[in-house]
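See structure below.
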Amino acid sequence: MGAWAIAVHGGAGVDPNLPKERQEEAKRLLTRCLDIGISALRSNLPAIDVVELVVRELETDPLFNSGRGSALTEKGTVEMEASIMDGPKRRCGAVSGLTTVKNPVSLARLVMEKSPHSYLAFSGAEEFAKKQGVEMVDNEYFITEDNVGMLKLAKEANSILFDYRIPAVGTCGAGAAMDSPLQMNGLPISVYAPETVGCVVVDKQGRCAAATSTGGLMNKMSGRIGDSPLIGSGTYASELCGVSCTGEGEAIIRSTLAREVSAVMEYKGLSLHEAVDYVIKNRLDEGKAGLIAVSKDGEVACGFNTTGMFRGCATEDGFMEVGVW
């Protein structure tokens, strides 16, 4: 019997000018999610059950960019994506392009357990959801007033907005995208502060699991798929560790960031903390991202090269921490 550990995140790239009340609101949500996970682990739920349970909670709360509160496409709709992975046999499930599934992470798990496939998307994923009897809602359920306003600002700036709730002063004015030093695939973007959610867990049996869920980018092209549903990029779990990433999806995809943590532990013999530090420093090129990770030995770690990352973690020995910067 080993020791359990859990970590959650609500996105990397926090705006340095983020209002104090918003920081505290995020910390309260992360603490609530940690408490849910801790209670489940103390009840001996397996790691895969715990990551699904916690991410469902994050999807239900509109604070972060997943489920209700997801970023809007250029058409003003929501297209969500999620993935989940069970470390012991590296089973996985992923979904993209969801518009009516209330909890994308749970559909991802059903893809893993109830289908012969690993990844379903758009109309096929929605049809599968109906057959599985999952809870469905109108697309309007996911759309918040804040996001409608931010989409308007993004369109006025003719740019993709990462931080779709709290724009910096002057960020969204005409020409803001052209003045931005940040680029995605060579094209200018404006504020960088994605708020994908994720959870990683190792249970007392040393089983690792990971899950990630997001609405993507504000004003994204319809049909865009980011790193969150891509196994090995946004999510990965093996017999060694569980990893969930957040940040610039295109950079995370290029670097297969989540898998890299497990790979350098396996092939270079690095500890979890060494592995996280190594991939953040050496595998992102000019990209901006963060990740949370646990190991089979009950270790927990996080790393990011942005100004901050909404995150929290706890271990069986009583350690618990929630932070932003």
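Counting begins at 1 with the first residue of the sequence. Note: hydrogens, waters and symmetry copies are ignored here, and every other heavy atom, side chains too, is used.
- Interatomic distance, Leu72 CG to Thr77 OG1, rounded to the nearest 0.5 Å: 7.5 Å.
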Checklist entry - What do the steps show when you test Asp317 against Thr315 for side chain to side chain donor-acceptor pair (under 3.5 Å), and what is the final call? => result CA-CA 5 Å; Asp317 62 9; Thr315 57; 2.5 Å; yes

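- Residues Ala3 and Glu316 share a closest heavy-atom pair of CA-OE1, 3.0 Å.
- None of Ser213, Ser66, Ser228 except one satisfies the side-chain contact (heavy atoms from CB on, under 4.5 Å) rule with Thr196; the exception is Ser228.
- Annotation for Ile225 and Ser96: closest pair CG2-OG, 3.8 Å, computed over non-hydrogen atoms.
- In this structure, Ile38 and Trp4 have side chains that are in contact, with non-hydrogen atoms separated by less than 4.5 Å.
- Put simply, the side chain of Glu59 gets close to the backbone of Val105: a donor and an acceptor are under 3.5 Å apart.
- Shown here for Asn147 and Met218, the closest heavy-atom pair between the two residues is O-CE, 3.6 Å.
- Judged by distance alone, the side chains of Thr235 and Ser83 do bring a donor and an acceptor atom under 3.5 Å apart.
- Under the 4.5 Å side-chain heavy-atom criterion for ILVMFWY residues, no single connected hydrophobic cluster contains both Leu217 and Ile253.
- With 3.5 Å as the limit, one finds a donor-acceptor pair spanning the side chains of Ser244 and Thr212.
- You'll find the side chain of Lys268 stays beyond 4.5 Å of the side chain of Glu274, heavy atoms only.
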Checklist entry - Taking it one step at a time, do Ser255 and Val279 satisfy side chain to side chain contact (heavy atoms under 4.5 Å, CB included)? => result CA-CA 9 Å; Ser255 61; Val279 301; over 6 Å; no

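- Contact annotation: the side chain of Thr60 never approaches that of Arg68 to less than 4.5 Å [non-hydrogen atoms, C-beta and beyond].
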Item to check | Criterion side chain to side chain contact (heavy atoms under 4.5 Å, CB included) on Leu284 and Leu257, from CA distance to verdict | outcome: CA-CA 8 Å; Leu284 278 168; Leu257 198 66; 4.1 Å; yes

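- No side-chain N or O of Ser295 forms a donor-acceptor pair with one of Asp297 less than 3.5 Å apart.
- In this structure, the side chains of Cys245 and Tyr236 stay at 4.5 Å or more apart for every pair of heavy atoms.
- Under a hydrophobic clustering in which Ile, Leu, Val, Met, Phe, Trp and Tyr are joined whenever their side-chain heavy atoms come within less than 4.5 Å, directly or via other members, Ile231 and Phe122 fall into different clusters.
- Using a 4.5 Å heavy-atom cutoff, the side chains of Cys199 and Ile6 are in contact.
- Side-chain atoms of Glu126 come within 3.5 Å of backbone N or O of Thr99 as a donor-acceptor pair.
- With Ser39 contributing its side chain and Asp35 its backbone, the two residues share no donor-acceptor pair below 3.5 Å.
- Relative to the six-membered ring of Tyr278, Arg283 misses at least one condition, a distance below 6.0 Å or an angle of at most 45° to the axis.
- Under a 3.5 Å cut-off, the side chain of His117 and the backbone N or O of Met112 do not form any donor-acceptor pair.
- With contacts defined as side-chain heavy-atom distances shorter than 4.5 Å, the pair Ile48/Arg109 qualifies.
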Item to check | Step-by-step salt bridge (Lys or Arg N to Asp or Glu O under 4.0 Å) determination, Lys27 to Glu24 | outcome: CA-CA 5 Å; Lys27 287 180 180 180; Glu24 293 306 314; 3.8 Å; yes

Item to check | CA sep, side-chain torsions, deciding dist, call: Met221, Thr73, side chain to side chain contact (heavy atoms under 4.5 Å, CB included) | outcome: CA-CA 6 Å; Met221 294 174 63; Thr73 69; over 6 Å; no

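- The OG atom of Ser238 sits 7.0 Å away from atom CZ of Arg259, with the distance rounded to the nearest 0.5 Å.
- Between the side chains of Glu74 and Ser222, no donor N or O sits under 3.5 Å from an acceptor N or O.
- Between the Glu79 side chain and the Gly223 main chain, a donor and an acceptor come within less than 3.5 Å of each other.
- Trp325 and Ile292 fall into different hydrophobic clusters, where Ile, Leu, Val, Met, Phe, Trp and Tyr are joined by side-chain heavy atoms under 4.5 Å apart, directly or via other members.
- When every heavy atom of Tyr119 is checked against every heavy atom of Val95, the shortest pair comes out as CE2-C, 3.9 Å.
- For the atom pair CG (Asn305) and CG (Leu291), the distance works out to 10.0 Å, reported to the nearest 0.5 Å.
- Between the Lys204 side chain and the Asn44 main chain, no donor and acceptor come within less than 3.5 Å of each other.
- Using a distance-only test at 3.5 Å, with no hydrogens or angles considered, a donor-acceptor pair links the side chain of Asn65 to the main chain of Gly215.
- Here the side chains of Asp61 and Arg32 are in contact, with some heavy-atom distance below 4.5 Å.
- Atoms CG and OG, from Asp49 and Ser43 in turn, are 11.5 Å apart once rounded to the nearest 0.5 Å.
- Judged purely by atom type and a 3.5 angstrom limit, Glu81 uses its side chain to pair as donor or acceptor with the backbone of Gly226.
- With a 6.0 Å radius and a threshold of 12 heavy atoms from other residues, nucleotides or ligands, Arg207 has its CZ atom above the threshold.
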Checklist entry - Could you walk me through whether Val243 and Ser262 pass the side chain to side chain contact (heavy atoms under 4.5 Å, CB included) check? => result CA-CA 8 Å; Val243 185; Ser262 181; 5.8 Å; no

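- Put simply, Val202 and Leu41 are part of two different groups of oily side chains (I, L, V, M, F, W, Y) that touch within less than 4.5 Å, one to the next.
- To the nearest 0.5 Å, atoms OG1 (Thr100) and OH (Tyr141) are separated by 12.5 Å.
- Using a 4.5 Å heavy-atom cutoff, the side chains of Lys155 and Leu151 are in contact.
- In this structure, CD on Glu321 lies 5.5 Å from SG on Cys313, to the nearest 0.5 angstrom.
- Around CE of Met320, the count of heavy atoms belonging to other residues, nucleotides or ligands within 6.0 Å exceeds 12.
- Closest approach of Cys208 to Val294, counting heavy atoms only: SG-O, 4.4 Å.
- With salt bridges taken as basic N to acidic carboxylate O contacts below 4.0 Å, one links Glu250 and Arg224.
- Val14 and Leu29 fall within the same hydrophobic cluster, defined by Ile, Leu, Val, Met, Phe, Trp and Tyr side-chain heavy atoms under 4.5 Å apart, directly or through other members.
- In this structure, Gly303 and Met309 approach most closely via the heavy-atom pair O-CE, 4.1 Å.
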